[in-house]
2 protein chains.
Amino acid sequence: MAEAELKISTKGEYASRAMLELSLRHKEGSLHIKAISAAQDIPERFLEQILLQLKRAGYLRSRKGPHGGYALAKPPEMISVAEVVRVMDGPLAPIDCVSVTAHQVCPHEDACGLKGLWKETRDAVAAIMERTTFADLAKRTLAARAKFAASKGRGFRRTARPSGA
Amino acid sequence: MAEAELKISTKGEYASRAMLELSLRHKEGSLHIKAISAAQDIPERFLEQILLQLKRAGYLRSRKGPHGGYALAKPPEMISVAEVVRVMDGPLAPIDCVSVTAHQVCPHEDACGLKGLWKETRDAVAAIMERTTFADLAKRTLAARAKFAASKGRGFRRTARPSGA
DNA sequence: CATGTAGTCGACTCTGTCAATCGACTTTGT
DNA sequence: ACAAAGTCGATTGACAGAGTCGACTACATG
């Protein structure tokens with residue numbers, strides 16, 4: 001028995017985290033894979049191919065050579081989580097006969113009273129992810145961190161970041 | 001690339017279909033595996049083990065010998081889809097750090113602004129499945145079938161033939 | 001009480017997907 | 001031109017999901 005039937009692939013998760021990191025540090029210009037990998041704890045080599053995919057899909061732009069790296073291709077408020085997840089894992093549907101992007105005829109048509117239910121859940125999830133942008137996530141994250149820092153007591157240094165500068 | 005990041009296992013799907021069939025024909029007393037398998041087009045041998053699991057979890061009762069078979073252990077309006085799916089696939093969470101039944105500390109705590117979002121989607125899905133009972137599904141199915149029959153009933157079958165008579 | 005019917009159980013296979021890694025190539029800055 | 005950084009695609013290893021099998025046990029009826 002698995003542990004979840006509602007599953008976001010780690011790839012989708014990593015992609016989201018990477019995009020979030022990029023959104024948080026949007027001002028800094030481009031970030032190297034290493035920086036993102038370290039900040040979000042994602043295997044560097046794996047992240048590499050994720051960023052690549054995201055770039056091909058038009059969400060990121062990259063620069064080679066020294067001082068290169070990745071950056072968002074559009075402002076964070078223009079990118080929804082749904083888009084990113086879809087790039088990584090494909091269309092979202094709880095079961096094939098309900099997908100908006102990849103339907104196929106369900107052999108049970110009339111017999112399948114479940115179809116409506118699956119569609120309902122799909123729509124609910126899609127709606128949430130569709131309306132949440134990375135700007136939203138960044139805002140929430142900042143808020144959460146501030147709260148965290150405050151509750152942890154003054155004088156505490158915050159999360160150690162492998163920052164240069 | 002997969003085709004869905006929101007996935008109900010076929011086991012969960014089959015279990016739901018079986019329960020639906022049992023609900024639809026609740027009046028008939030118990031049904032044999034064969035009948036359910038045929039009606040819902042589920043591999044007999046596979047269905048067998050699914051029903052078994054459902055029985056162990058207390059949703060079905062069975063009778064051996066001739067005239068045996070499976071039947072619901074409680075009325076359809078007392079069983080939610082969420083329960084059944086959970087029996088088959090375990091707790092539902094888009095990612096481990098959000099599961100209500102199987103949490104584990106997320107190593108990114110503060111850094112993870114995504115957590116809230118995953119939780120949101122989980123709750124949305126859970127809410128839908130929790131409030132939908134098999135009585136609901138049976139009703140919907142009957143309605144869908146009636147509609148289907150009506151539209152099929154009048155008129156003639158579509159003629160793809162170049163020249164009719 | 002014999003016997004076929006039906007259910008129970010656990011182990012097993014097979015396939016596909018997912019996560020992750022490598023090696024080599026290309027581009028860019030100095 | 002050389003090194004640093006990014007790009008690419010192929011490969012791999014592990015594990016979960018889907019479906020199968022064989023044998024065992026219980027029951028109901030002739």
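Every chain is numbered from 1, with letters handed out A, B, ... down the list of sequences. In what follows, every heavy atom counts, from backbone to side chain, and hydrogens, waters and symmetry copies are set aside.
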Between atom [atom1] in [X] and atom [atom2] in [N], what is the gap in whole Å?
X     : N      : atom1 : atom2 : answer
A:E48 : C:dA24 : CD    : P     : 15 Å
B:L52 : C:dA6  : CG    : P     : 17 Å
A:Q53 : D:dG6  : CD    : C1'   : 16 Å
A:K55 : D:dG9  : NZ    : C1'   : 15 Å
B:L51 : C:dG7  : CG    : P     : 9 Å
A:R61 : D:dG6  : CZ    : P     : 13 Å
A:L54 : D:dG6  : CG    : C1'   : 15 Å
B:K34 : C:dG4  : NZ    : C1'   : 13 Å

Shortest side-chain distance from [X], nucleotide among [options]:
X     : options               : result
B:I33 : C:dT21, C:dT28, C:dG7 : C:dG7
A:F46 : C:dT21, D:dG19, D:dC8 : C:dT21
B:S62 : C:dA20, C:dG7, C:dC9  : C:dG7

Exercise. What are the two closest heavy atoms between B:K55 and B:L60, and how far apart are they?
Worked result: CG-O, 3.5 Å
Problem set entry | Closest contact, heavy atoms only, B:A138 versus B:S23 | CB-CB, 4.4 Å
For this session: Taking the side chain as every heavy atom from C-beta outward, state whether A:M78 and A:T133 have any atom pair closer than 4.5 Å.
Result: no
Problem set entry | Heavy-atom side-chain proximity of A:I128 to A:V125 below 4.5 angstrom | no
For this session: Would you mind telling me which residue lines up with the more 5' stretch of DNA chain C, A:R45 or A:G12, judged by nearest nucleotide?
Result: A:G12
For this session: For B:H32 and for A:K64, find the nucleotide of DNA chain C with the closest heavy atom, then tell me which residue's nucleotide is more 5'.
Result: B:H32
Problem set entry | Steps toward side-chain hydrogen bond (donor to acceptor under 3.5 Å, both in side chains) verdict (A:E83, A:S80) | CA-CA 5 Å; A:E83 293 176 84; A:S80 74; 3.2 Å; yes
Exercise. Is there a donor and acceptor pair closer than 3.5 Å between the side chain of B:Q49 and the base of D:dC21?
Worked result: no
Just N and O in the side chain of [X]: are any of them under 4.0 Å from OP1 or OP2 of [N]?
X     : N      : result
B:T10 : D:dG17 : no
A:Y14 : C:dA20 : yes
B:R63 : D:dA28 : yes

